[in-house]
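Encoded as structure tokens, the structure appears first; notes follow it.
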There are 2 protein chains.
Amino acid sequence: MEYVDLSMKTDQNELVDFDAIDRRILTELQIDGRITNVELARRAGISAPPCLRRVRRLEEAGLIRGYHAETDGSKLGWSITFFVIVGLESQKEVMLSGFEKQVATWEEVRECHMIRGGGDFLLRLVARDAAHENILTQRLTGLPEVSRVQTLQTIRTSKNVAGVPI
Amino acid sequence: MEYVDLSMKTDQNELVDFDAIDRRILTELQIDGRITNVELARRAGISAPPCLRRVRRLEEAGLIRGYHAETDGSKLGWSITFFVIVGLESQKEVMLSGFEKQVATWEEVRECHMIRGGGDFLLRLVARDAAHENILTQRLTGLPEVSRVQTLQTIRTSKNVAGVPI
DNA sequence: GGCCGCGCGCAATATTATTTCATTGGCCTG
DNA sequence: CAGGCCAATGAAATAATATTGCGCGCGGCC
């Protein structure tokens, strides 16, 4: 006789249930994602094993999506960051997601946000130089569904922090 | 007419010297910043010690600025992300950096980019709800040096990747 | 050829991650 | 109020990983 646990789990574990220690853990991991668990536990005021269990729990609940190295784009040959506001002719969902799928394949497009209600997007792109930036802008303008393109070139960035306040 | 010097005098090219293995390392660390050095070495095709030495070298050269956990803002109570294009009345450097320093102290402001040549900024903010968003917008509008505020609310984000192509 | 100098990888050691397990305290129930 | 249940903790043991030390091979350069 087998006893099988049939208890249902909601597919999105909401986890409305995190305390001051969890917040401390999240804060520290947003600042330094490669901190050792020992040091993290020390800062959170608990011992290592429960600290690691909390981290795993936060990961599985989706509060932590992943960990990433922050690289220096200009030192890697991507000297230009710019934003583009793109307006589409149609507001039909098929056209919108078609545009999203299209630009998602471009490696220079790092972010794509749909904004406002109707057919506008804000993109963040990187380019190797001004010529490259022009090519990308023209490639956007040339897309059939695109009706309007406004480029916002970044002169300098005074603040850029990961995550959200905790 | 004011002329803004856009020339990029970089004294920052300490390390012009990274090869295919380094690029592989950077790529993997951008995707998963908590990968173990052993696994990273395996993917880079070298053994662990030289791999770790390369990572340290990339960190010290500034190609890797840091590591961060990517968190889920909405699950942490920050359900709204929006962008704001802010225009200042003055283009004097004192006013520009004054504005930057001011908004940098707001925890809801996650990015602040100066755009174009003259006194405009693009900000990315997070808010707990619509009321909070309104408060933030009004707080921006109320700043003495601010002349124009345009809000771009994010409906959905179809792409958001860290770093740059490598 | 012989001498660097750099970067590699093996092996040893230090540190960290992870599992195991006994214990504690809160809380419901009889 | 005792007893049992549950969740979470931390000490200790073990597994895995990070880091150091060192000898070797390869390519450039007299």
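Treat the numbers as computed from the prediction; the structure is a model and nothing was measured. First the proteins, then the strands, lettered A, B, ... as listed; each starts at 1. Below, each value reflects all heavy atoms present in this structure, side chains not excepted, and no hydrogens, waters or symmetry copies.
Protein atom CD1 of Ile21(A) is 14 Å distant from nucleotide atom C1' of dA7(D), rounded to whole Å. Atom CG of Asn37(A) and atom P of dT19(C) are 12 Å apart (whole Å). The distance from atom CD1 of Ile25(B) to atom C1' of dC8(C) is 13 Å, rounded to the nearest whole Å. Note: CD1 (Ile35(B)) to P (dA17(C)) measures 16 Å, nearest angstrom. When rounded to the nearest whole Å, the span between CZ of Arg56(B) and C1' of dT20(D) equals 13 Å. Distance CG (Leu52(B)) to C1' (dG7(C)): 14 Å, rounded to an integer number of Å.
In this structure, the side chain of Arg110(A) engages the main chain of Ala162(B) through a donor-acceptor pair within 3.5 Å. Between the Gln30(A) side chain and the Val164(A) main chain, a donor and an acceptor come within less than 3.5 Å of each other. Under a 3.5 Å cut-off, the side chain of Arg116(A) and the backbone N or O of Thr151(B) do not form any donor-acceptor pair.
The shortest distance between side-chain heavy atoms of Met114(A) and Leu96(A) falls below 4.5 Å.
Phosphate proximity of dA8(D) to Arg54(A): absent, as no side-chain N or O sits under 4.0 Å from OP1 or OP2. Contact between the side-chain N/O atoms of Arg53(B) and the OP1/OP2 oxygens of dG9(C) is not found at any separation under 4.0 Å.
Interatomic distance, Thr71(B) OG1 to Ile64(A) CD1, rounded to the nearest 0.5 Å: 8.0 Å.
A heavy atom closer than 4.0 Å to some atom of DNA chain C occurs in Ile46(B), Ser47(B), Pro49(B), Pro50(B), these being the qualifying members of residues 41-50 of chain B.
Taking the nucleotide of DNA chain D with the nearest heavy atom to each of Cys51(A) and Arg34(A), the more 5' of the two is matched to Cys51(A).
Under a 4.0 Å N-O distance rule, the pair Glu93(A)/Arg156(B) qualifies as a salt bridge.
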